[in-house]
Protein chains: 2
Amino acid sequence: MSKIKVIIADDHELFRNGLTELVKKQENIEVIGSVADGNQFLNIIKKNKEVDIVLLDITMPNMDGFDVLKKLKDIKSSIKPIIISMHNDGNYMAKCFKSGAYGYLLKNTDEKELNTAIETVYLGKKYFNTEVTEKMINFMSSNSVSEKIISKKETEVLMLISKGLTTKEIANQLFVSSRTIETHRANILKKLEVKNTAELIKKAVKIKLI
Amino acid sequence: MSKIKVIIADDHELFRNGLTELVKKQENIEVIGSVADGNQFLNIIKKNKEVDIVLLDITMPNMDGFDVLKKLKDIKSSIKPIIISMHNDGNYMAKCFKSGAYGYLLKNTDEKELNTAIETVYLGKKYFNTEVTEKMINFMSSNSVSEKIISKKETEVLMLISKGLTTKEIANQLFVSSRTIETHRANILKKLEVKNTAELIKKAVKIKLI
DNA sequence: TTTTACATCCGTATTTATACTTAATTTTTA
DNA sequence: TAAAAATTAAGTATAAATACGGATGTAAAA
């Protein structure tokens, strides 16, 4: 019987190597690669076509987990991604599954669940535990998943807001009326479904608008 | 020759177990315990007095790394703490060393450095690499250490701000006056040297305060 | 033990952001 | 080409944040 071939992608070397050691203990699983970001991962799978599963961290430099998911979808890869994240957050989970993830594990999971997840996903089934399922459902019901599209000007304004400029300062810099910027701000808040600037900036960072 | 006795404290089980496996590979080091928060750690060292080093994560539930450092100092423990953190930020580093840490490693360090750090600290010397030293110096020279450390309450307020709550809402939730929250906000802005909430949230995300 | 930071609160004033509305012009896209 | 979205702008009003100033008790650190 051939082993399940796994690649680990995480920017924290210590975590990556530790995880490798843990997975090594499983007889039916084999770690064939270990990378620190999405670019390195793509390079590996270009050369090595026989990869079953990638254990994927979300927050990585250069090319993060979301980008990798998107890429895998684009090239119609058969590699099944399992997200290993520290974000216990419905938003993240929904975005991952939407982007083609087969599983979502939290970093405080245990070896047993990790192995179950790998085996489940290897068979082509999705894996998510009760906790993740709950978070997802809560998120779905409360929030519309579809992210509204922020226009070019709005993005520009958003950048300046995040730099700490006021409406007036932004207006001066962009040579338009303050009222225009006010309108932009109101539209951005509406599109991202947030109450105020504080929440806006957090969300914008989260969905990589900034 | 007796082995160096190490305890690992981190709330992410996967990381903790992985780290244990990595350290196990060293012949002169022995992992005698593995805990998920500061309380568990204190319970262990009450029973077992022969501990040399604790590999300590900062962000943990119930009792975090800072609390543990403080406690170790209080009881005049001989256990030497090495921080293993994902916060690549002078603020954190300074606070840790001030609280009695013997070393500060980033989670993207490698096995080799980890072992070097453990061995160095075991001999009673402090360990910090070039990167950490640089960050520390930059931080120190930019401003006085204490001024930039965000207190626990301030962090709590910051979290609620980032969730989109207003001053009044935060005050209600924390059962204090709005004026108190206003003061906290003003102090946070000052400490992080930002002009307004928008810039604040961006910076807070950047240095992983939220 | 003296100082320093923390957490708590208030007065007063100004600036900034948000809410709700409407609407003209331009650009993009179906 | 017609419809949709983006960009521009405004009236009116309220809510929220920020800027100064000050204060007190407590806990921790030097």
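Protein chains get the first letters and strands the later ones, always in sequence-line order, with residue 1 at the start of each.
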B:Ser178 side chain near C:dC9 phosphate (N/O to OP1/OP2, under 4.0 Å): no
Distance in angstrom units between B:Leu69 CG and D:dA28 C1', rounded: 16 Å
d(CD1, B:Ile161; P, C:dA17) in whole Å: 15 Å
Separation of atom CG in A:Leu174 from atom P in D:dA9, rounded to whole Å: 10 Å
Distance test, side-chain N/O of A:His184 to OP1/OP2 of D:dT7, below 4.0 Å: no
For atom NZ of B:Lys152 and atom P of C:dC6, their distance in whole Å: 13 Å
Side-chain donor/acceptor pairs under 3.5 Å, residues 44-61 of chain B, sequence neighbours excluded:
| from | atom 1 | to | atom 2 | distance (Å) |
| --- | --- | --- | --- | --- |
| B:Asn48 | OD1 | B:Glu50 | N | 3.0 |
| B:Asp52 | OD2 | B:Lys5 | N | 2.7 |

A:Lys153 side chain near D:dT8 phosphate (N/O to OP1/OP2, under 4.0 Å): yes
Nucleotide C:dA17, atom P - distance to CD1 of A:Ile201 in whole Å: 11 Å
Footprint string (nucleotides 12-25 of chain D, 5' to 3'): B base within contact, S backbone only, - free, heavy atoms under 4.0 Å: B---SSB-------
side-chain hydrogen bond (donor to acceptor under 3.5 Å, both in side chains) partners for B:Glu119, two or more places apart: B:Asn28
Touch class at under 4.0 angstrom, heavy-atom based, for A:Thr180 against every strand present: base
Within residues 103-136 of chain B or reaching into it, pairs that qualify as ring-ring contact (aromatic ring centres under 6.0 Å, His included) - sequence neighbours excluded: B:Phe97-B:Phe128
side-chain hydrogen bond (donor to acceptor under 3.5 Å, both in side chains): pairs with one or both residues in residues 170-179 of chain B, sequence neighbours excluded: B:Arg179-B:Glu182
Atom pair distance, as rounded to whole Å: NZ in A:Lys190 and P in D:dA5: 13 Å
Other residues, nucleotides, ligands: >12 heavy atoms within 6.0 Å of A:Lys168 NZ: no
OP1 or OP2 of D:dA6 under 4.0 Å from side-chain N/O of A:Lys191: yes
Partner set under side-chain contact (heavy atoms from CB on, under 4.5 Å) for B:Gln40, not counting sequence neighbours: B:Val35, B:Ala36, B:Asp37
Step-by-step side-chain contact (heavy atoms from CB on, under 4.5 Å) determination, B:Glu13 to A:Glu111: CA-CA 8 Å; B:Glu13 181 162 343; A:Glu111 291 179 60; over 6 Å; no
Value in whole Å for how far the P atom of C:dC9 lies from CG of B:Asn187: 14 Å
A:Ile150 CD1 - D:dA6 P separation (whole Å): 9 Å
